Amino acid sequence: MSSRLVGVGVGPGDPELVTVKGVNALREADVVVVPVMDTGERGRAEATVLHYVPEEKVVRVVFALNERSDRGRREAAWDAAGGRVAELLRSHGSVAFATIGDPNVYSTFTYLAQTIAELVPGTVVETVPGITAMQDLAARSGAVLTEGTEPLTLVPVTAGATVLKEALAGPGTVVAYKFGRQAHEVAGALRETGRLADAVWGSALGLPEESVRPAAELDGAPLPYLSTLISPARRDGGRGGKL
């Protein structure tokens, strides 16, 4: 039998936002891997998984989740994590990997799957989609992501404020991920492009420390790393004006 690796999106933090298919995949796997940083604290994926599977079934594997400056260290961490998951696949056969949000949207699972393809040839790789932070923030804030023919642009602010400014100059809704450490630059980009008034940001969605606020209240102070911003498209044509 071929080994099976399933990337399961467990949403942005609220355990109630894991899909039924996602819960089934977690429960059917022999083991569930959750990514943790080398500091060891429990992350959102692990906390969510523990609502649905017993702790003894969960395996914590260290990933360089926030390492961006040292490529060598990052590659070494990916190799070590891939090696650990490869061991689990050889001994158990069916492994689920829990990732916040969706496994095909800025997820560590992408790199893990590439590594496993080399280490355990023939492994069947599947993904179960998850609710994304932008969907959850839209629901909690009332921001409409798209209407009619509007485009939707998703930008990781780790790519730089220039990329965000270019997106904000366009016609559609812009979503910015991971902007907390550059909150000052993001606020400036919104002001420069006239997109501040309707924008909203949120962090720790679905958790006790949740914050959902108008972007106009950004004061330049650093925010949690995983903060999300929605800047809705300009809509001045009335109902259905973008059809």
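What you see is a predicted model, and the numbers here were worked out from it, not measured in a lab.
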Test item: [X] side-chain N/O and [Y] main-chain N/O as donor-acceptor pair under 3.5 Å:
X	Y	answer
Ser227	Leu223	no
Glu210	Leu207	no
Arg195	Leu168	yes
Thr173	Leu145	yes
Arg4	Val95	no

Going by heavy atoms in the side chains, are [X] and [Y] under 4.5 Å from each other?
X	Y	answer
Val31	His92	yes
Leu190	Leu229	yes
Val105	Leu154	yes
Phe109	Leu5	yes
Val62	Arg84	no
Val6	Thr127	no
Leu50	Arg42	yes

ILVMFWY cluster, [X] and [Y] together (side-chain gap under 4.5 Å):
X	Y	result
Val34	Val59	no
Phe179	Val174	yes
Leu88	Ile116	yes
Trp201	Tyr177	no
Tyr106	Leu205	yes

Practice task
Return the minimal non-hydrogen interatomic distance between Ala233 and Pro171, and the atom names on each side.
Solution key: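 Here Ala233 and Pro171 meet closest at CB-O, 3.6 Å.
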Problem - Minimum heavy-atom distance Val8-Ala96, with the two atoms named - result: CG2-CB, 4.3 Å
Problem - Pairs satisfying salt bridge (Lys or Arg N to Asp or Glu O under 4.0 Å), at least one member in residues 198-208, at least two apart - result: none
Practice task
Mind checking side-chain hydrogen bond (donor to acceptor under 3.5 Å, both in side chains) for Thr99 and listing every partner two or more places apart, or none if nothing turns up?
Solution key: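 By the side-chain hydrogen bond (donor to acceptor under 3.5 Å, both in side chains) rule, Thr99 matches Ser107.
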Exercise for the section: Give the C-alpha distance, both sets of side-chain angles, the deciding distance and a yes or no for side chain to side chain contact (heavy atoms under 4.5 Å, CB included) between Ile100 and Leu226. Expected result: CA-CA 11 Å; Ile100 59 171; Leu226 291 178; 3.9 Å; yes
Practice task
State whether Glu87 and Arg90 are salt-bridged, where the test is any N-O pair (Lys NZ or Arg NE/NH1/NH2 against Asp/Glu carboxylate O) under 4.0 Å.
Solution key: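 Judged by the 4.0 Å cut-off on N to carboxylate O distance, Glu87 and Arg90 do not form a salt bridge.
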Handout entry: Greater than 12 external heavy atoms within 6.0 Å of Glu118's CD
Key = no
Only pairs under 3.5 Å count here: list side-chain donor-acceptor contacts from residues 11-24, not counting sequence neighbours, and write none if there are none.
unit_1: Asp14; atom_1: OD1; unit_2: Glu16; atom_2: N; d: 3.0
unit_1: Asp14; atom_1: OD2; unit_2: Arg140; atom_2: NH2; d: 3.2
unit_1: Thr19; atom_1: OG1; unit_2: Gly22; atom_2: N; d: 2.9
unit_1: Asn24; atom_1: ND2; unit_2: Val20; atom_2: O; d: 3.4

Handout entry: Ring centroid separation Phe63 to Phe97 under 6.0 Å
Key = yes
Practice task
Just do the side chain to side chain contact (heavy atoms under 4.5 Å, CB included) check on Thr153 and Val175 with the steps written out, would you?
Solution key: CA-CA 6 Å; Thr153 303; Val175 176; over 6 Å; no
Exercise for the section: Please step through side chain to side chain contact (heavy atoms under 4.5 Å, CB included) for the pair Lys178 and Thr158, ending with a clear verdict. Expected result: CA-CA 7 Å; Lys178 304 177 182 179; Thr158 49; 4.2 Å; yes
